[in-house]
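Please read the structure below before turning to the comments.
As the structure is a prediction and not an experimental result, all values here were calculated from the model.
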Amino acid sequence: MKINMKTVLLIPFFALLLFVSCQDEVTEITQPEEKEALTAESELTNLMFSTSIMDGSADNIIDHASCTAVKLPVTVEINGLQIIIDSEEDFKVIEAIFNEFDDDEDELDIIFPITIILSDHEEIVLNNQDELEALIEDCKEENEEDDDIECIDFQYPISFSVFNTDFQIIDVVTIENDRQLYRFLKRVKNAEVIASLNFPITLEYADGTTLQVNNNEELAKTIKEAKNICDEDDDNDYGDDDFTKEHLDEYLQICPWVVYEFKRNDINKTETYKEYALNFKEDGVVVMRARGGNVLTGTWNTRVTDRGALLKLEFDTLVDFNLEWVVYDIEYGKIKLFEVGGNRVIMKKNCDVVIDITKERIKDYLQECLWRIARLNIEGVDTEKNYIGTPLKFYDDNIVKIRINGNFIQGSYQISEKDAGFALQIELEDRPELKLVWIITLLQENLIKLENINNQMVLMRHCPDEDDDLEYIDNVLISGEWEVAAYHIDGENKPEEFYMYTLNFMETGNIKVTDPNDGIFNGSWLAYRNEGLHLGLFFGDNAPFNDLNHRWKILEITTERIELKDLSASGTIERILVLEKRI
């Protein structure tokens, strides 16, 4: 923003039919049944079409129209101050200027010409305010129901199989964004093409959560259910600070809310209250779950005043929360509270978090699937690399097993209730770093966080039998012998150290590595999903493969070749490892 007072991905390369596409998920193209094809007037076609319509509500503070969007950058003049708006973040600056004084008359003038994006994604140039006013006359009024569906969107790319009149596949079309989807579905609605969507696909809700669907019926049901689950913010203000009491009450009760940031009387208490979870109930009761698992009960109520919406919290013992907080911003999946005197709370919605922790619930979660150690910090030292490819399995009779080099080593575990909350104690031979009394600070279906004084551990659920992509990867890996074809590091390809070695991925999770002299050593491997698909490799101290001990992100996989990448904290590629099937 400038102020002037004067003026890849996972690329599965499935060589099926004519389709080659870059996607985050493994997508298999199969001959669908004719009934799966989209038709011009079908409910699913119309739902997808409404989802692809351009949503112009984000910049209503500028153009006062939800069916148009001003293409950025644009220059506006607010109360004599000229500002160049470079991004949607700058909309907050406009509102801040509007809210600076209560007794002034705010004016915003657009500096023409500007480019406008229409609901069909077409762009036109406007030369003055009259042309803009004429354009938005056909738009719906503030908060009036419109055709676009804003609470859910597709994660791109997606693809469609296109058929001839004999219902034979003649092409596959890859869609990268809403504009392309809109135009393709327009052709479907005009009966110009016969097509079906290739599954699975991933949908993203307005709060950032995602859901995978696998067929037309699931997709239609998901879009319909999501249509009205968020505030589309089709008013001419910025953000969501103009909501009603009813809307706020309903929004608070959707899911539990987890504390992300906390400040009281100018003292930062985030470390004290981070990951505390609040569950707002319909009867005015709020249940607070502390990090250690302790559960406290209080009351809550809301009201709307000249200051805006207020949320009052009262607990007998948790006095830092006892305040009537101003709800100064609601974003998708996030609520921000404040009060004068240096008081601030940011909470994020988390429908998976468990408020009422019990021993039975902990045990049920632990026994559902395997659990991999995603993080293990002991006295400030990260040691999780030693547990790559070594998942844990918890059993009903207090037996726990860890899989090392394909063999399960047996130990025991106990769940107990302490003053600080519920605890998990693990006993495994030769694993002293795990042999601690871990306090469960966060319990979710797919994630468990544990703490012990200066130690932290994070367990993530691993259910390979429930994931078709992981099943495909596993089958590819165990189907033959592999060798290192390339190893890019520091901008150079240096595979020489790995020449003549053979890797044999066993179904048990063991890797047998054969050296040029027919010596054999073992390692561990695990393919898993975590914001993408990964392959964990661990060879212990066995050189030169100990350099490959890492949780690699899968960049590309075919039956003959696997390309893996190592990302830095900033997201840049630091290393690339290529494995090829040995002939």
Could you give the distance from CZ (F505) to CG (N510), rounded to the nearest 0.5 Å?
10.5 Å

Minimal non-hydrogen separation, N452 against V437, with atom names
ND2-O, 2.7 Å

W552 six-ring centre to K565 NZ/CZ under 6.0 Å and within 45° of normal
no

side-chain contact (heavy atoms from CB on, under 4.5 Å) between Y387 and R372, intermediate numbers included:
CA-CA 8 Å; Y387 289 87; R372 62 181 186 85; over 6 Å; no

Does E384 come within less than 4.0 Å of R551, counting only side-chain N to carboxylate O?
no

Measure from NZ or CZ of K189 to the centre of the six-membered ring of F49, then state whether that distance is under 6.0 Å and the direction lies within 45° of the axis.
yes

Establish, from distance only, whether the side-chain atoms of Q444 and N350 form a donor-acceptor pair under 3.5 Å.
yes

Would the number of heavy atoms belonging to other residues, nucleotides or ligands and lying under 6.0 Å from CD of E531 be above 12?
no

Is K221 salt-bridged to E225, going by a charged N under 4.0 Å from an acidic O?
yes

Distance from L526 atom CG to H462 atom NE2, nearest 0.5 Å?
4.0 Å

Do D382 side-chain atoms and R375 backbone N/O form a donor-acceptor pair below 3.5 Å?
no

Does N386 form a side-chain contact (heavy atoms from CB on, under 4.5 Å) with F538? I'd like the steps, not just the answer.
CA-CA 8 Å; N386 296 328; F538 187 72; 4.1 Å; yes

Aromatic ring proximity, centroids under 6.0 angstrom, F545 and F498
yes

Rounded to the nearest 0.5 Å, how far does CD1 of I373 lie from CZ of R431?
8.0 Å

Just by distance, with hydrogens left out, do D148 and S50 show a side-chain donor and acceptor under 3.5 Å apart?
no

What distance do I223 atom CD1 and D153 atom CG have between them, rounded to the nearest 0.5 Å?
9.5 Å

With a 4.5 Å limit on heavy-atom distance, are the side chains of M460 and L447 in contact?
yes

I'd like to know whether CG of N190 has more than 12 heavy-atom contacts from other residues, nucleotides or ligands below 6.0 angstrom.
yes

Could you check whether any side-chain heavy atom of I562 comes within less than 4.5 Å of a side-chain heavy atom of L477, counting everything from C-beta outward?
yes

Could you check whether any side-chain heavy atom of L366 comes within less than 4.5 Å of a side-chain heavy atom of I448, counting everything from C-beta outward?
yes

Assess the residue pair E466 and C369 against the criterion (side-chain contact (heavy atoms from CB on, under 4.5 Å)); give the C-alpha distance rounded to whole Å, side-chain angles, the decisive distance to 0.1 Å, and a yes or no.
CA-CA 10 Å; E466 300 175 5; C369 287; 4.3 Å; yes

For the CG atom of N546 and the NZ atom of K385, what is their distance to the nearest 0.5 Å?
9.5 Å

Closest heavy-atom pair, Q367 versus Y413, reported as atoms and distance to 0.1 Å, is NE2-OH, 3.2 Å

How about Y156 and D178: does a side-chain donor come under 3.5 Å of a side-chain acceptor?
yes

Is it the case that N398 and S412 place a side-chain donor and acceptor less than 3.5 Å from each other?
no

Are N455 and W438 close enough that some pair of their side-chain heavy atoms sits under 4.5 Å apart?
yes

With the side chain counted from C-beta on, respond yes when F154 and L203 share a heavy-atom pair under 4.5 Å apart, and no when they do not.
yes

So how far is it from F394 CZ to K363 NZ, rounded to the nearest 0.5 Å?
11.5 Å

With a 4.5 Å cut-off on side-chain heavy atoms, are P516 and Y501 touching?
yes

Report yes if some heavy atom in the side chain of L443 is under 4.5 Å from a heavy atom in the side chain of F422; otherwise report no.
no

Salt bridge (Lys or Arg N to Asp or Glu O under 4.0 Å) for K512 and E481? Distances and angles first, verdict last.
CA-CA 10 Å; K512 288 186 177 180; E481 295 180 336; over 6 Å; no

Compare all side-chain heavy atoms of N504 with those of T514 and state whether any distance is below 4.5 angstrom.
no

Other residues, nucleotides and ligands only: do more than 12 of their heavy atoms fall within 6.0 Å of CD on E496?
yes

Dump the intermediate steps for side-chain contact (heavy atoms from CB on, under 4.5 Å) on L211 and I152, then the final yes or no.
CA-CA 10 Å; L211 176 68; I152 198 166; over 6 Å; no

Counting only heavy atoms not in E368, do more than 12 sit closer than 6.0 Å to its CD atom?
yes

